[in-house]
Student: 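My questions will all concern the structure given below.
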Amino acid sequence: METRYDPHGVEGRWQETWEAEGLYKAGAGARSDESFVIAVPPPNVTGELHMGHALNGSIQDSLIRFHRMRGFDTLWQPGYDHAGISTQNVLEKQLLAEGTSRQEIGREAFLERTWTWLEQTGRTIMGQFRRLGCSLDYSRERFTMDDAYVESVMTCFVRLWDAGWIYRANRIVNWCPYHQTAISDLEVEHVEMDDALTYACYPFVDGSGGITVATVRPATILADVAVAVNPNDARYKDAIGKEVVVPVVGRRVPVIADERVEIDFGSGALKITPGHDPTDFEIGRDHGLPTLTVIGLDGNMTADGFEGLTQKEADDRVVAWLKEHDQLEKRESYRHSVGTCERCHSRIEPLVSLQWWCRMDELARPAIERLKERDVRYHPESQHRFAIESLENAPDWNVSRQIWWGHQLPVWTCPDGHQTCAWPPPSACAECGSGELEREPDVLDTWFSSALWPFATLGWPNETPELERYYPGDVNVTAREIIRLWENRMIFSGLFLMGDIPFTDVIITSTVMAADGRRMSKSLGTGIDPLEAVDKHGADATRYGLLKMSSGQDPRFAWDKIDEGAKLANKLWNVARLILTNSEGQTPVMSPQELEETWIVGRIDEVRQQIERDLPAFEFAAVADALYHLTFDDFCDWYAEAIKPRLYDGDERATGTALAALERLLALLHPMMPHVTEEIWSQFHDSRLIVSPWPDPLPGAGDLTRVQEAAVTFRRSGVLVELEGDEKRIFDAVVKPERAKANGDADAERERLRREIARAEGMLANDKFTANAKPEVVEAEREKLERYRRELDAIS
RNA sequence: GGGCGCAUAGCUCAGCGGGAGAGCGCCCGCUUCACACGCGGGAGGUCCCUGGUUCAAUCCCAGGUGCGCCCACCA
């Protein structure tokens, strides 16, 4: 006989059955109008399931299944993000390998190719979510590039434009020379790098010596328009207002004063290059200085006489010039952090370019208010303040990208330069009526479309029944680093377009680290594939393990936890076999007449209450732990052992109640471990557990706390505590059969009780305690003292 | 530089004002008719350090030390 539960086969079968029977669909099993909605964070259309997705999915599915069983009209919305830069990156690499490029094949062919490729290889994660048993409504899959979704994105842009919050401006941006596009600050990854810090002397025009500046990018000297010093820096007081000569190019530029210059760094004097440095750009702007550009969009030089050189080559030429003219003071090695593109790791070029921006102040204000009102709550609490602060400090949003894969801006320009923003595409210029319109080539930042996810997936801007029914949603589950990129933007977009917040609770999941505490990453080789865990121990075990790891901020991945889940599934499977093989053809009848039955029913109900309290509080690890111990300690070790003889005898009352108790246990476990529970359920039901009602409170399940405390004392020391009436009967029936230890340990127990009594007496004798402590605490202490005394008497 | 967090049994972690816990590992004993992914028993801990608050501190507060993650324009 098979004695070990094998999840393989079982899990896949249920995943197919649930979906085929429509039980994943929105509203399946609903017994109320109240909805419970989660929109899955749309994974990259080209992505693969990683540990973060698996944890995230386990959390969301346990919430969804719990609410579905409780009768809510649940919707777990699936779908994909087109992931602009990331996807384009993959395609460009392919082209490069074929010896061509996107520029060579052209925009139209490139997009066609991207779609074709996605048909073949994209959209794999939803299949992987299925393997975890995630009950998303897969029939409602959405993609941010679908026609209907494009409609939402365009409409949103037009609304923002009409509100006056979109503008175009030349600003310094993070330019990725590989991708040939601007990227946001949040897409820049800072890495420590070793560079040389070059100290160069800029002679005063009047011949009275010079001023030394420090730079890591000598090539940018060619674009210098000033030298700045701190107004409080005594060393340079006299220099302010003088002119210096920029090396190599011989330009005369002023020495200006600005508080943003750090006195302590380098020489204390800063060369100002507005065209190629963000701080310099601001300083230059504030002092009315010109902006010069010497580096092109490809990252190479454009300055006279330097055309086409790499920056490295230009650096060398400039340094050589300095040396030759005795203006090179020194070069020292310098370790600092440098911005790189998170996709291709190219060094970011701060470049001035024309970009589209979205003003943030008006959009952010109501979002900040609602967050402060706690209408949207972050979990853990510590992230709430961060979310508010990051909204308060949000700079204007650069929404344009110079790539091709994405939502092209709905802005058209006529030959006279008039711009029209409209959707659907206008046929003529709004100002002059010209029919010769050219569409803006830029596309929108990927997060622009993600921000609309909670309602664009429901059909907005059309007034669909789904939108009416499922907006606003309830919970959003995501990672810490996404708060500013996504959460904040969903909140303000929801308020702007829908007039309401998209959800009430945001769960920021922990980041599961590798076993050695480092971040899981492909390049470090520290990643663990969650599907490997599923292959090994099944989805139920994996889900259990991940929920166990979900507490804390950066827990380490531990196979132990997955193994624990596998053991739990196996234990459950086996105790079910015990009960089911001995109750052939019987119906579950909850009639807890015998004492051990009263006991287990009470315990199950206690855990039911705990889950109802902890799951909505998002205490997933606590729920997993409680269910583990309920199953092992209470259901198997105590209850099942106690009723075994009656099961073998075919006692119908015992089997009926055992089936009923098993039913309830399976129901409680289902949100966390759906497959094994459904499999066992199917062996004595025609219905499906996934849509079965969550257990109701059981009247008379009773308060067994005193019995439990006595049981703990008994198990720890073998000492019998005096109980009376029903409590004594339950205790004797369930606890006493455990083999008591020899009375040898009673000495230790007596000692412990004496210590406790002394402690409690001391406290109660202390006026400060009795006067200041809460009355119920004092009362509890009195009761404890009495009990300790009774216990001590009982064993003396 | 800023923010968040962690330091508790050999390992991974829970507990967070009045009894120091779990899982795994380890030791001993069990082919007991659901389960060796099992059953019974056991060893193992100045709860990072120093102060403070309190009748009482692993738990609260301050400082220190050591880690980790996120964020950040010192050229």
Side-chain angles (χ1 to χ4, degrees), chain A residues 1 3-5 172 174 185-186 188 190 197-198 213-217 220 228 260-267 269-273 277-282 334 336-337 339 350 380 382-383 385-386 389-390 479-481 483-484 508 510-511 513 515 517-519 537 541 548-549 551-561 563-582 621-622 625 628-629 632 636-637 640-641 644 647-648 712-713 716 738-739 741 752-753 755-756 759-760 762-773 777 780-781 784 788:
Chain A
M1 194 193 276
T3 57
R4 179 187 285 204
Y5 171 64
I172 195 148
N174 304 300
D185 291 346
L186 300 168
V188 175
H190 289 83
L197 190 58
T198 302
V213 303
T215 179
V216 289
R217 302 170 72 202
T220 63
R260 280 165 283 197
V261 179
E262 299 283 334
I263 295 176
D264 298 331
F265 187 87
S267 63
L270 174 66
K271 67 187 214 53
I272 300 299
T273 321
D277 183 277
T279 308
D280 294 6
F281 180 81
E282 288 174 18
Y334 175 54
H336 66 149
S337 69
S382 56
Q383 300 303 327
R385 207 185 77 224
F386 172 74
E389 282 173 4
S390 57
R480 210 157 56 243
E481 64 267 24
I483 291 176
R484 295 193 296 177
I508 300 301
S510 43
T511 306
M513 313 302 282
R518 286 185 299 168
R519 191 176 180 74
H537 288 307
K548 263 279 174 109
M549 286 174 232
S551 63
Q553 192 166 261
D554 303 308
R556 296 176 183 209
F557 183 86
W559 280 105
D560 281 5
K561 299 284 201 296
D563 293 343
E564 204 176 304
K567 278 174 50 182
L568 177 55
N570 183 59
K571 192 72 176 172
L572 190 66
W573 172 256
N574 275 295
V575 78
R577 272 199 319 133
L578 169 71
I579 294 170
L580 292 171
T581 55
N582 285 291
D625 192 63
Y628 182 92
H629 289 290
F632 265 84
C636 295
D637 291 358
E641 290 299 334
K644 243 183 197 174
L647 290 180
Y648 294 149
V712 168
T713 304
R716 189 168 53 213
E738 286 193 0
R739 263 158 285 165
K741 285 178 56 183
R752 187 183 75 83
L753 286 170
R755 260 194 336 232
E756 291 297 343
R759 181 184 59 75
M763 282 168 68
L764 290 166
N766 188 317
D767 292 344
K768 286 184 183 169
F769 172 68
T770 49
N772 301 328
V777 172
E781 209 52 49
K784 271 192 211 163
Y788 293 142

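Atom set for the values below is all heavy atoms of this structure, side chains included, hydrogens, waters and symmetry mates excluded. The sequence lines fix the lettering, A, B, ..., with proteins before strands; numbering per chain opens at 1.
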Student: Under the rule for side-chain contact (heavy atoms from CB on, under 4.5 Å), what residues qualify as partners of Ala541(A), not counting sequence neighbours?
Tutor: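 Per chain and number, Ala541(A) pairs via side-chain contact (heavy atoms from CB on, under 4.5 Å) with His537(A), Ile562(A), Ala566(A).
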Student: Can you check whether Ser382(A) has a side-chain N or O nearer than 4.0 Å to OP1 or OP2 of C4(B)?
Tutor: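 The answer is no; no side-chain N or O of Ser382(A) sits under 4.0 Å from OP1 or OP2.
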Student: Taking only residues two or more places apart in sequence, or in another chain, which ones meet Phe557(A) in a ring-ring contact (aromatic ring centres under 6.0 Å, His included)?
Tutor: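 In terms of ring-ring contact (aromatic ring centres under 6.0 Å, His included), with neighbours along the sequence ignored, Phe557(A) is linked to Trp559(A).
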Student: Base, sugar-phosphate alone, or nothing: which one does His629(A) contact when heavy atoms must sit under 4.0 Å apart?
Tutor: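 Result for His629(A) = sugar-phosphate.
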Student: Among G23(B), A22(B), A34(B), which nucleotide sits nearest the side chain of Lys571(A)?
Tutor: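 Nearest listed nucleotide: A34(B).
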Student: Using a 4.0 Å heavy-atom cut-off, write out nucleotides 66-75 of chain B from 5' to 3' as B (base contacted by protein), S (sugar-phosphate only) or - (no contact).
Tutor: --BSSSSBBB
Student: Using only side-chain N and O atoms of Lys561(A), determine if any of them is under 4.0 Å from OP1 or OP2 of A14(B).
Tutor: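 It does not, given that no N or O in the side chain of Lys561(A) lies less than 4.0 Å from OP1 or OP2 of A14(B).
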Student: Could you measure between the two P atoms, the one in C61(B) and the one in C16(B), and give it in whole Å?
Tutor: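 Their P atoms lie roughly 14 Å apart.
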Student: List in chain and number order the residues that pass side-chain contact (heavy atoms from CB on, under 4.5 Å) with Thr279(A), two or more places apart in sequence or in another chain; answer none if no residue qualifies.
Tutor: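 Partners of Thr279(A) under the side-chain contact (heavy atoms from CB on, under 4.5 Å) test: Asp277(A), Ile283(A).
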Student: May I ask you to evaluate whether Thr3(A) reaches the phosphate of A36(B), defined as a side-chain N or O under 4.0 Å from OP1 or OP2?
Tutor: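 For A36(B), OP1 or OP2 has a side-chain N or O of Thr3(A) closer than 4.0 Å.
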Student: Write down the distance separating the C1' atoms in G19(B) and G25(B), rounded off to the nearest Å.
Tutor: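 27 Å, rounded to whole Å.
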Student: In dot-bracket form, how is RNA chain B paired, counting a Watson-Crick or G-U wobble pair only if both its distances are under 3.5 Å and using | for bases paired to another strand?
Tutor: ((((((((.[[[[.)..(..]]]].(((((.......))))).....[[[[[..)....]]]]])))))))....
Student: What residues, two or more places apart in sequence or in another chain, satisfy side-chain contact (heavy atoms from CB on, under 4.5 Å) together with Tyr648(A)?
Tutor: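 By the side-chain contact (heavy atoms from CB on, under 4.5 Å) rule, Tyr648(A) matches Leu578(A), Asn582(A), Lys644(A).
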Student: So, is Tyr648(A) near the phosphate of A34(B), with a side-chain N or O under 4.0 Å from OP1 or OP2?
Tutor: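 So the side-chain polar atoms of Tyr648(A) do come within 4.0 Å of the phosphate oxygens OP1 or OP2 of A34(B), strictly under.
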Student: Given the C1' atoms of A72(B) and G1(B), what is the spacing between them in whole Å?
Tutor: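 Those two atoms are separated by 7 Å.
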Student: Heavy atoms only, 4.0 Å cut-off, all strands: where does Thr273(A) land among base, sugar-phosphate and nothing?
Tutor: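 Answer is nothing: Thr273(A) stays at 4.0 Å or more from every strand.
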Student: For atom C1', what is the distance between U54(B) and G18(B), given to the nearest Å?
Tutor: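 Pairwise C1' distance, U54(B) against G18(B), rounds to 12 Å.
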Student: Take the protein atom CG of Asp563(A) and the nucleotide atom C1' of U12(B), then report the distance between them rounded to whole Å.
Tutor: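 These atoms are roughly 12 Å apart.
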Student: Which whole number of Å gives the distance between the P atom of G68(B) and that of U12(B)?
Tutor: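 G68(B) and U12(B) have their P atoms separated by 14 Å.
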Student: For C13(B) versus G29(B), give the span between their C1' atoms, rounded off to a whole number of Å.
Tutor: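 Here C13(B) and G29(B) have their C1' atoms 29 Å from each other.
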Student: Say you pick atom P in U31(B) and the same atom in G40(B); how far apart are they, in whole Å?
Tutor: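 Comparing P positions in U31(B) and G40(B) gives a spacing of 15 Å.
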Student: Is Pro350(A) touching bases, backbone alone, or none of the nucleic acid, heavy atoms closer than 4.0 Å?
Tutor: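 If one applies the 4.0 Å heavy-atom cut-off, Pro350(A) turns out to touch nothing in the nucleic acid.
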